[in-house]
Amino acid sequence: MKVAEAVGRALVAAGVGRVFGVVGSGNFHLTNAMVAAGAPFVAARHEGGAATMADAYARMSGTLAALSVHQGCGLTNAMTGIAEAAKSRTPLLVLAAEVTEPRSNFYVDQPALARSVGAVPARVTAAGTAVEEACAAVATAVRERRTVLLNLPLAVQAEDVPADVLAGVVPPPERAAVEPDRAEVAAFVELLERAERPVFVAGRGSRSQGSREALERLGDTYGALLATSAVARGLFHHNPWSLDVSGGFASPLAADLIGRADLIVGWGCALNMWTMRHGRLIAPGATVVQIDDDAAALGAHREIRLGITGDVATTARMALASAGEQRRGYRTTEVGANLASKLRWRDVPYQDTGTADRIDPRTLSIALDDLLPAERVLAVDSGNFMGYPSMYLSVPDENGFCFTQAFQSIGLGLATAIGAALAQPDRLPVAALGDGGALMSAAEVDTVRRLRLTMLVVVYNDDAYGAEVHHFRPLGQAVDLAQFPQTDFVGLAQAAGCEATTDLDGVRNWLARRDRPLVLDARVDPDIFAEWLEEAFRGH
Ligand SMILES: Cc1ncc(C[n+]2csc(CCOP(=O)(O)OP(=O)(O)O)c2C)c(N)n1
Ligand SMILES: [Mg+2]
């Protein structure tokens, strides 16, 4: 057996469940071996798309996925998606063929590329150690929650190994839950006992098994209101004390309540500038506590009173075990009534700016929220428009919203929706894109059609890089570089085998059938400057 086949088989035996990529000569045998071993392959049309599909699939399925790319140019094409995955700490395996001879036209310093975006470089160095090295890469991805680039030199892939090299390959043990220090948990419980208006902000680290339940019980005990960061959106969807998202997308009521908290607890959450609106969601004098199983995350973005190194569910359960009497905390009758009637963005009155040929993006989003089934998985791209789907479309749980925005790249939304759709096949996948991001990733519309995903692709189309227009126009700058003549999205979509429409009736009709993907070219008002974007510009 060749090393390429042995490594492919070993990776599947070690837990890789699905592979995304573009095949070339260097990763052909490896990828085929993975398929033969039982891991389905999703052929993307661009490695950038493949990388983000794999990332989104991993996030929404909680399983280990791989990206398989050709040497050199296959990898460079995938770098933006790899950077997003690495910054998001998605456990992901990138399998790249490699040439090690600098005079080869395919040569680039692949380990340096990995390092430069925060991924972990690894390599299969010899036939005798290849399977072991591949398994070690899987273990790093899973146990350290890292995006690992496993380089596979062509010469090593072509060597022979005995078939029994695969004997005994099994998935690595799961990452063990980090137990917090008892004294620190006791100090935390004391702060909870004293808090009158506690708010929990749950982040990515709260998406793990058992966390939601533990946080809800602790919240019930101390009367905490429950918010999430964007990446954990939906976690508390069914809880009456949910505030939905904290940060730029927070509704006025949620922002007001978070801003008046006397105790803010970040659970597996960085409490970064987005989630905390550059600190403005933290009242002067409020106590901030952060719980994270990675000690390096504690206090990384803001000053905290108490930092606990511990797994979210374990820490919450330990706090519960020593909790006192149930307290009302922030859960007053008045707050409950306000949450029931005024929490959602759609409950906030606005002046509809729609015209005969342009729809107000808020009106569009509210109409879609009403039309689409609740069981949905929503992916959003980046841009001015991005707040509308994120703020106005509800999602059923934390696996109903996939937010690949750690790198703030445009063009990842469509591939995100594809990966999320494959991970949540019983839900309606919705890709919410700007016209700019849609065109940047348009090649993957072909993948949507090939995979027969009955996806709704909504293009919030303002014929512009609206975010840039709204950034620079108020500064008196000419913005014509960011404005474009009208694009025929309907024609493009139909040519790619999708159904297409420009209005909500088209969506309504399609929903009754859902036999093909649908592209909604929603011509939106180009002059609305999204509230959240103002917040984003503060970060620059
Ligand atoms: C890869 C990448 N290139 C450029 C940018 C800068 N950028 C941020 S938003 C944006 C415009 C996006 O336009 P569109 O998708 O139409 O959304 P809109 O802002 O118009 O709602 C650009 C170019 C970026 N974030 N990522
Ligand atoms: Mg646009």
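Every heavy atom of this structure was used, including side-chain atoms; hydrogens, water molecules and symmetry mates were not. Remember, it's 1-based here, ligands and their atoms both numbered in the order they're listed. Model, not experiment: these values are computed from the prediction. Residues take their numbers from the sequence shown, with the count starting at 1.
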**Request:** For ligand 1, note which part of A464 has a heavy atom under 4.0 Å away: side chain, backbone, both or neither.
**Result:** backbone
**Request:** Report yes if M440 has an N/O atom closer than 3.5 Å to an N/O atom of ligand 1; otherwise report no.
**Result:** no
**Request:** Starting from the Mg ion (ligand 2), look over the N/O/S atoms of D462 and name the nearest one.
**Result:** OD1
**Message:** Return the closest protein heavy atom for atom 3 (N) of ligand 1 as residue, atom name and distance.
**Reply:** I410 CG1, 3.9 Å
**Request:** Report yes or no: does a heavy atom of G411 sit under 4.0 Å from some atom of ligand 1?
**Result:** no
**Request:** Enumerate the atoms of ligand 1 whose separation from the nearest heavy atom of S409 is less than 4.0 angstrom.
**Result:** 1 (C), 26 (N)
**Asked** Which ligand 1 atoms are under 4.0 Å away from a heavy-atom of G466?
**Response** 18 (P), 19 (O), 20 (O)
**Request:** Give the residue and atom name of whichever protein heavy atom lies nearest to atom 15 (O) of ligand 1, and the separation in Å to one decimal.
**Result:** G437 N, 2.8 Å
**Asked** What residue and atom, counting heavy atoms only, is the protein's closest point to atom 11 (C) of ligand 1, and at what distance?
**Response** Y465 CB, 3.4 Å
**Message:** Do R123 and P111 make a side-chain contact, defined as non-hydrogen atoms from C-beta onward lying under 4.5 Å apart?
**Reply:** yes
**Message:** Measuring from atom CG of D292 to atom CH2 of W267, what distance do you get when rounded to the nearest 0.5 angstrom?
**Reply:** 11.5 Å
**Asked** How close does the nearest protein non-hydrogen atom get to atom 7 (N) of ligand 1, and which residue and atom is it?
**Response** E468 OE2, 2.9 Å
**Request:** Taking all non-hydrogen atoms of both residues into account, name the closest pair between N384 and G466 and its distance.
**Result:** CB-C, 4.0 Å
**Request:** Identify the residue among D55, T416, D381, T90 that makes a side chain to side chain donor-acceptor pair (under 3.5 Å) with T404.
**Result:** T416
**Asked** Purely on distance, is any nitrogen or oxygen of D435 under 3.5 Å from one on ligand 1?
**Response** yes
**Item:** CG-CG distance between L225 and L243, expressed to the nearest 0.5 angstrom
**Value:** 5.0 Å
**Message:** Using 2.8 Å as the threshold, say whether any N, O or S atom from D435 sits that close to the Mg ion (ligand 2).
**Reply:** yes
**Prompt:** Considering only heavy atoms from C-beta outward, does the side chain of H70 approach that of F106 to under 4.5 Å?
**Reply:** yes
**Asked** Quick check: does G383 have an N/O/S atom under 2.8 Å of the Mg ion (ligand 2)?
**Response** no
**Prompt:** Should you measure from each heavy atom of F385, which atoms of ligand 1 turn up under 4.0 Å away?
**Reply:** 17 (O), 21 (O)
**Prompt:** Can you check whether L30's main-chain N or O pairs, donor with acceptor, with N27's side chain at less than 3.5 Å?
**Reply:** no
**Request:** Could you tell me the residue and atom name of the protein heavy atom closest to atom 25 (N) of ligand 1, and the distance to it rounded to 0.1 Å?
**Result:** Q408 O, 2.9 Å
**Prompt:** Side chains of Y392 and R362: closer than 4.5 Å at any heavy-atom pair?
**Reply:** yes
**Request:** Using a 4.5 Å cut-off on heavy atoms from C-beta on, say whether the side chain of Y465 contacts that of F484.
**Result:** yes
**Asked** Looking at G436, which atoms of ligand 1 are within less than 4.0 Å of one of its heavy atoms?
**Response** 14 (P), 15 (O), 16 (O)
**Message:** Consider side chain to side chain donor-acceptor pair (under 3.5 Å). Of N461, T502, T501, T487, which one does D521 pass it with?
**Reply:** N461
**Item:** Minimum side-chain heavy-atom gap D360-I528 below 4.5 Å
**Value:** yes
**Request:** Work out whether the distance between some heavy atom of D462 and some atom of ligand 1 is less than 4.0 Å.
**Result:** yes
